[in-house]
Amino acid sequence: MTESMSRRTFVKGAGATAALAATGAVAAPVGSLMTERAHAAEAAPDVRTAPSLCNGCSSKCGLTATTVGGKLWTVEGLKGHPYSKGTVCGRAHGLAQMAYSDERVTQPLRRKDDGTFEPISWDDAFAEIGERVQSIIAKNGPESVALIHDPRPSGKYYGPRFMNALGSANVYTHGAACNSSKESGIVHTTGASNFSVDFANAKMVVFIGRSYGDAIRPSSVKSLADAADAAKRIVVVDPRLSNSGVFATDWVPIKPGTDLALLMGIAHVLIAEDLYDRTFVEEHTVGFEEFAQNIASCTPKWAEGVCEVPADTITELARALAKAAPAAAIEPSWRAAFGCSYANSFDTARGVTAVNALLGSWGQKGGALITSSPKPGSLDAQKFPSVPKPAKKRVGDAAFPLVPSGMGSNLAALQAALDGDMKAFFFYNSNAAQGYAQPKVWREGLDKAELVVTIDVQMSETAVLSDYVLPECTYLERMELPDFIGGKKHYVGMRTPALERVHPETRSCDEIFTGLARACGVGEYFDFTLEELASAQLESVGVTLEEVCEKGVVELADPHFTYGVPKFKTPSGKFEFKSDKAAEAGRSAVIGFAPRLVEAKEGELYLIGGKQGIHSHTMTMNIPALNAVSRDYDLERLWMAASDAAARGIADGDLVEVASSEHAGKVRVHVTQRVKPGVLFLPTHYGITSPYQTHARGLGINHMDFVPFRMEPGVGSAMSQEVAVTVKKVEA
Ligand SMILES: Nc1nc2c(c(=O)[nH]1)N[C@H]1C(S)=C(S)[C@@H](COP(=O)(O)OP(=O)(O)OC[C@H]3O[C@@H](n4cnc5c(=O)[nH]c(N)nc54)[C@H](O)[C@@H]3O)O[C@H]1N2
Ligand SMILES: Nc1nc2c(c(=O)[nH]1)N[C@H]1C(S)=C(S)[C@@H](COP(=O)(O)OP(=O)(O)OC[C@H]3O[C@@H](n4cnc5c(=O)[nH]c(N)nc54)[C@H](O)[C@@H]3O)O[C@H]1N2
Ligand code: SF4
Ligand SMILES: [Mo]
């Protein structure tokens, strides 16, 4: 606690932004540069601004792009956007430069027999792909074709529409490598796919993993900084001290993959000491008695034995949460802790919601909130005809019945390729082959497929494995469909073209999918322009395209959020400590403890990973300015506890070999007290292997190379941290 208190004092002195900049979580202040630019802009002719949405991550923060003489000058956060609130993060500044990258794909490419690529025309690319898709479908049925994407506003509409028009339900997001298990756990207790903490009014918040200080969304960083300023109790449970520690009152180091033991220990104390919200439990939940029975043996002492958090700490946290309740909650987290990482991630997510239920914090001021999202109303059926529902269910949904319906398990699609059943893959805004599961298994699966098409802006590892690479223009060069944003208030945001296309042979998402659909014989579902569809969608919610294009973000009709116990959209209509669906999928019906799969053997260490403030997955690695920050500050290093390093004769900066059952790789070490002994922390975006990304290639190692290909039962997630490794010093 002393350590974190002194950090807070430091923040007060230095200012939150400067503190984060010092830790590398946001770009350093660029005040003088900005002033210089502003002067230059004033003097220069042809200064234009256009609103857009950043493409750096799924937050899609609103921004204003300024061009001078047609060239990008700055991007700045849009004040009215609920996620940027006037600020964009360092990644946004870096990614904006993608338009001018010297390693973009500038025209369609076809793979030659020797594995290199040759340019072809769009007409030829569409014609050849169309012919091959139709022949694959004729032989194997539409269920042999899949789309894997991390959709942006246009992609969300065009990609699935294209697949469905072909007759295939096989649409997958990156969820299996991100937040599937978390979403599934929340769905199967509350009926909602996610929740948020009412930060402004909370007295105490516990983070399990999730780091606002590293895995940034500007509005979240601000809410955390405000909470710290208001001297609220902020507990960060994490095997390493993340940059959220800057704002936290407590850092609780924990053994990776055992957060469920901590949660069940807390739940045990709340019940044993009669500190839970009896009224909420009696009126709004099912299965409580069985739950209480299930965790009767989960005492703090027992939990300490599993998760290595002292029993006294667990008891104290439970009592403090109860005291602050209902203005207290466990935060929903996102990826590393239980988004997709372990065999028990689904159970851990349910455990989080269960503690919030015992605290009676659902829907309460300062508690765990379920809010709504806007969506377009019904559109002219003549102009935008609906596509018939595919006859067969999505591949993988039967084997993984708990998978979120909006995500699917892309790994089940990969498995189908390995089995010879999935013949054609389309990838959009996705580098699956590098980051969704063991890359060598992706290579094998995609090798077996008959057709692989990737739509990207640069040569990702997935693009390298493709038969065709179709170049999209970058996000600043295109208009997209409106982005509907939910929460206590509703908004709609818009990407408008800020730049002329730098490479004339690149196309936008809507143009590419429309071209593909026509070539595949299903063009009748795409007989409209993007502007027509965008206008229709916006008019259906009472705003005009002109208004949104001008402002970039517009607040929609007030959804009239009110505090109070929400309507749980579960089968029982109540919060479910017990779920029949979970049981049917082979998981425990009642929430309770479940272990992680892999236990470290003598001499092995647990390998965990996490985001870094200046990078977004693999997509920013090849941006020279961001890559230079990594190289200058040695950010690719593997974090190792000082005691583990000493035991192996390793000093800070030494080169080591990391080895698992799957792979061995060399990286330098960052020796630190900020990671729990027995644990290694690897920043997760390095280790680019694409020969076409020369700025990035050769820096660091890729976490997924070390992880065996396996899927979480019932959910189909990647279990991306079920791995233990050995580390030994090697000569540089
Ligand atoms: N800078 C940056 N920000 C991003 C992104 C990005 O690429 N870069 N991506 C966005 C996306 S897609 C996502 S999904 C989110 C992810 O958001 P987060 O889930 O917050 O991000 P991670 O960095 O994956 O993990 C957060 C923390 O979990 C810790 N952790 C790892 N294993 C465990 C464990 O077993 N238990 C506990 N308690 N903690 C553990 C890590 O040490 C890390 O500090 O970030 C979003 N924001
Ligand atoms: N080891 C490890 N693996 C991880 C993670 C991790 O932390 N560690 N994080 C996981 C998480 S949380 C997630 S969400 C996923 C993210 O995985 P992805 O969503 O696949 O994200 P990226 O790896 O950045 O790949 C995105 C691709 O989109 C391309 N791209 C960028 N802009 C555009 C554009 O405008 N148009 C098109 N068509 N393409 C574009 C980029 O060049 C890149 O090839 O990775 C997961 N995998
Ligand atoms: S959090 Fe950063 S990278 Fe993500 S959308 Fe917002 S500004 Fe872009
Ligand atoms: Mo993610």
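Bear in mind that the values here come from a model prediction, so they are computed numbers and not experimental data. Both ligands and their constituent atoms are indexed starting at 1 by order of listing.
For atom 33 (C) of ligand 2, the closest non-hydrogen atom on the protein side is Asn429 OD1, 3.3 Å. Remark: minimum distance from atom 37 (C) of ligand 2 to any protein heavy atom is reached at Glu472 OE1, 3.3 Å. Considering only non-hydrogen protein atoms, atom 5 (C) of ligand 2 sits nearest to Lys611 NZ, 3.7 Å. What sits closest to atom 19 (O) of ligand 2 on the protein, heavy atoms only, is His174 ND1, 3.2 Å.
In this structure, Arg217 is positioned above the aromatic face of Tyr83, its NZ or CZ under 6.0 Å from the six-membered ring centre and within 45° of the axis. Cation-pi contact between Arg240 and Trp639: present, with separation from the ring centre below 6.0 Å and deviation from the ring axis of at most 45°.
No N or O atom of Lys255 sits closer than 3.5 Å to an N or O atom of ligand 1. When only interatomic distances are considered, the shortest N/O to N/O separation between Ile254 and ligand 1 does not fall below 3.5 Å. For ligand 1, one of its N or O atoms has an N or O atom of Gly257 under 3.5 Å away. Considering backbone and side-chain N/O atoms, Ser58 never comes within less than 3.5 Å of an N/O atom of ligand 1.
Between Glu477 and Arg104 there is a salt bridge, with a side-chain nitrogen of the basic residue lying less than 4.0 Å from a carboxylate oxygen of the acidic one. Between Arg697 and Glu461 there is no salt bridge, since no side-chain nitrogen of the basic residue lies less than 4.0 Å from a carboxylate oxygen of the acidic one.
Under a 4.0 angstrom heavy-atom cut-off, Pro218 registers as being in contact with ligand 3. Distances shorter than 4.0 angstrom occur between a heavy atom of Gly609 and an atom of ligand 1.
Two rings, from Tyr212 and Phe247, have their centers 6.0 Å or more apart.
Contact annotation for Asp150 and ligand 2: only side-chain heavy atoms (C-beta onward) come within less than 4.0 Å of the ligand. With a 4.0 Å heavy-atom cut-off, ligand 2 is reached by the backbone of Ser616 but not by any atom from C-beta on.
If you look at atom 4 (Fe) of ligand 3, the protein N, O or S atoms less than 2.8 Å from it are Cys57 SG.
Listed by number with element, the atoms of ligand 1 under 4.0 angstrom from any heavy atom of Arg240 are 42 (O), 43 (C), 44 (O). Atoms of ligand 1 lying under 4.0 Å from any heavy atom of Ser242, numbered from 1 in the order shown and given with element: 44 (O). The distance from ligand 1 to the heavy atoms of Pro256 drops below 4.0 Å at these ligand atoms: 35 (O).
Of the candidates Gly56, Cys57, Pro239, Gly175, it is Pro239 that places a heavy atom closest to atom 40 (C) of ligand 1. The heavy atom nearest to atom 46 (C) of ligand 1, considering only Tyr212, Tyr342, Phe207, Trp334, is found in Trp334.
Just one of Arg152, Arg495, Lys60 meets the salt bridge (charged side-chain N to carboxylate O under 4.0 Å, His left out) condition when paired with Asp483; it is Lys60.
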Side chain to side chain contact (heavy atoms under 4.5 Å, CB included) for Met459 and Glu103? Distances and angles first, verdict last. CA-CA 8 Å; Met459 287 300 278; Glu103 293 186 324; over 6 Å; no
